[in-house]
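Taking it in order: structure first as structure tokens, then the write-up.
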Amino acid sequence: MNNSNRLLLTWISFFSYGLTGALVIVTGMVMGNIAEYFGLPVSSMSNTFTFLNAGILIAIFLNAWLMEVIPLKRQLIFGFILMVLAVAGLMISKSISVFSLCMFILGVVSGITMSIGTFLITHLYEGRQRGSRLLFTDSFFSMAGMIFPIIAAMLLARSIGWYWVYACIGLLYVAIFVLTLMAEFPVLGSKAETADQPVTKEKWGVGVLFLSIAALCYILGQLGFIQWVPEYVTKTFNLDINQAGKLVSDFWTSYMIGMWVFSFVLRYFDLQRIVTLLTALATVAMYLFISTDNPAHLVYAILALGFVSSAIYTTIITLGSLQTKVSSPKLVNFILTCGTVGTMLTFVVTGPIVANSGAHAALATANGLYFVVFVMCLVLGFVTRHRMHGHK
């Protein structure tokens with residue numbers, strides 16, 4: 001594969017993560033306006049956005065098999081058509097049912113592009129370079145999550161319809177579409193085997209089980225923590241909502257910086273060892289946040305937590321892709337699906353805990369989940385196959 005085509009596919013991966021980040025994180029900015037538009041309470045409107053998450057989960061799960069049946073290029077072109085239809089539906093219709101359907105379609109499109117983007121990075125790059133590239137790709141999720149809320153705020157402040165926010169997000173898929181038309185994609189499935197020599201199917205190994213549990217617990221723990229931080233600090237330390245919002249912003253800023261730093265650092269360390277160290281440090285940082293009595297210490301703990309936890313999820317996915325000699329789209333998507341299940345379970349798990357025991361109990365649960373991730377990464381050291389394949 002020539003370098004120019006590799007670069008095109010890499011940028012498709014970057015934009016695929018940016019698309020998902022924009023769709024997921026912008027929800028909080030537009031939810032009030034959408035609820036007002038449909039004449040519904042915000043609590044009811046928030047449940048409607050479950051269709052977006054469900055679409056992402058279903059698409060990632062199914063695309064593990066579809067990638068070997070439907071060519072990647074065709075999927076992305078079809079995704080562009082679906083994106084146009086969904087955004088048009090949001091602009092034209094005033095039916096809550098159509099809105100829910102459009103959200104589901106946006107989720108499906110996002111899940112398809114994200115799964116393809118993840119596979120492309122694991123297919124194009126090897127070993128530690130794969131880890132650093134995947135981490136840099138993931139930073140586009142956070143980058144979009146920082147940029148598009150600002151765009152949404154600017155549009156809504158000028159009384160421009162909320163659906164134009166989704167039209168702006170759709171421009172990311174326009175970029176993906178243009179790059180897709182220019183690029184040549186790897187061939188998967190039976191056609192790939194006949195065009196080259198037959199590919200021997202490899203067993204995944206027990207390490208994949210540990211990594212899948214780690215991915216689910218990490219995402220569930222991270223989102224369970226960050227969603228309830230404002231509730232915890234306003235009730236426990238009597239901080240105002242602006243101070244609580246700044247803490248959340250500090251976390252994501254530190255997380256972003258950590259991604260950029262570790263995208264270079266990971267090239268020089270064994271991935272299993274460094275992810276074990278990072279999960280241990282993240283567990284300690286979260287414990288310090290939820291156990292301190294001094295509100296002045298909160299910012300230091302959450303900055304440390306954001307920085308050291310930024311590389312964990314992508315390193316887990318990278319290690320999963322290195323458990324077989326030839327990167328498997330099904331294996332990568334399986335671990336990605338487990339992480340997405342963690343997203344879906346966030347309020348299912350933490351909601352009842354907060355209702356019965358308060359926000360601190362939810363944060364303590366998140367801390368426990370981080371400890372489980374540490375244990376899984378530690379045990380992985382005894383069974384991992386990435387060193388057998390020369391990927392240290």
Side-chain angles (χ1 to χ4, degrees), residues 24-25 27-28 43 46 49-50 53 141-142 145 213-259 275-313 316 338-378:
V24 171
I25 298 176
T27 299
S43 57
S46 64
F49 281 95
T50 303
N53 292 332
F141 184 102
S142 299
I213 295 171
L216 191 155
C217 290
Y218 173 75
I219 294 296
L220 180 57
Q222 183 198 70
L223 295 181
F225 173 82
I226 206 66
Q227 295 287 1
W228 294 109
V229 161
E231 175 77 9
Y232 171 67
V233 298
T234 52
K235 295 289 177 63
T236 305
F237 297 99
N238 295 318
L239 301 184
D240 61 39
I241 194 63
N242 291 325
Q243 292 171 308
K246 186 179 182 304
L247 279 174
V248 175
S249 177
D250 288 341
F251 174 85
W252 288 115
T253 302
S254 181
Y255 197 90
M256 171 76 74
I257 294 169
M259 282 180 166
V275 77
T276 304
L277 174 63
L278 291 175
T279 51
L281 292 174
T283 304
V284 171
M286 189 179 289
Y287 175 77
L288 292 174
F289 182 91
I290 66 176
S291 61
T292 185
D293 295 324
N294 189 341
H297 294 165
L298 293 174
V299 65
Y300 301 114
I302 206 163
L303 284 171
L305 176 62
F307 185 82
V308 298
S309 62
S310 61
I312 293 174
Y313 187 53
I316 288 170
C338 290
T340 310
V341 169
T343 303
M344 293 288 293
L345 291 176
T346 301
F347 290 107
V348 175
V349 172
T350 61
I353 293 173
V354 172
N356 293 322
S357 306
H360 184 269
L363 300 190
T365 302
N367 200 194
L369 288 167
Y370 263 47
F371 181 72
V372 173
V373 178
F374 164 70
V375 172
M376 291 297 104
C377 292
L378 184 66

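In this chain, numbering begins with 1 at the start of the sequence shown. Keep in mind that this is a model prediction, so the values were computed, not measured. All heavy atoms count here, side chains included; hydrogens, waters and symmetry mates do not.
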Measure the CG-CG distance between L288 and N367 for me, rounded to the nearest 0.5 Å. 9.0 Å

Looking at N356, I want to see if its CG is surrounded by more than 12 non-hydrogen atoms of other residues, nucleotides or ligands under 6.0 Å. yes

How many angstroms lie between atom CD1 of I312 and atom CG of L281, to the nearest 0.5 angstrom? 8.5 Å

Non-hydrogen atoms of G306 and S254 that approach each other most closely: C-OG, 3.7 Å

Gap between atom CD1 of I302 and atom CG of L247 - 0.5 Å precision: 5.0 Å

Verify side chain to side chain contact (heavy atoms under 4.5 Å, CB included) between V375 and F371, making sure each step is shown before the conclusion. CA-CA 6 Å; V375 172; F371 181 72; 3.8 Å; yes

Measure the shortest side-chain to side-chain distance between I219 and L223 over non-hydrogen atoms and say whether it is less than 4.5 angstrom. yes

For the rings on F225 and Y370, is their centre-to-centre separation under 6.0 Å? no

What's the separation between atom CG in L305 and atom CZ in F251, rounded to the nearest 0.5 Å? 5.0 Å

Taking C-beta and beyond as the side chain, do N294 and Y300 meet within less than 4.5 Å on heavy atoms? no

Once rounded to the nearest 0.5 Å, what's the spacing between atom OG of S291 and atom CG of L363? 11.0 Å

If you compare all heavy atoms of M259 against all heavy atoms of S310, which two are closest, and at what distance to 0.1 Å? N-OG, 3.4 Å

For the pair H360 and Y232, name the ring-plane relationship: parallel under 30°, tilted 30 to 60°, perpendicular over 60°. tilted

Heavy-atom pair with the smallest gap, counting every atom of A362 and T350: CB-CB, 4.4 Å

Minimum heavy-atom distance between G342 and L220, given as atom pair plus value: O-CD1, 3.6 Å

Do Y218 and L369 have side-chain heavy atoms sitting under 4.5 Å apart? no

To check you understand the geometry: which heavy-atom pair defines the closest contact between T276 and C377, and what is its length? OG1-O, 3.3 Å

CG/D250 to CG/L303 distance, rounded to the nearest 0.5 angstrom? 5.0 Å

Over all atoms of both residues, closest heavy-atom pair of S309 and A282: CB-CB, 4.1 Å

Can you confirm whether or not the ring centre of Y255 sits under 6.0 Å from the ring centre of F307? no

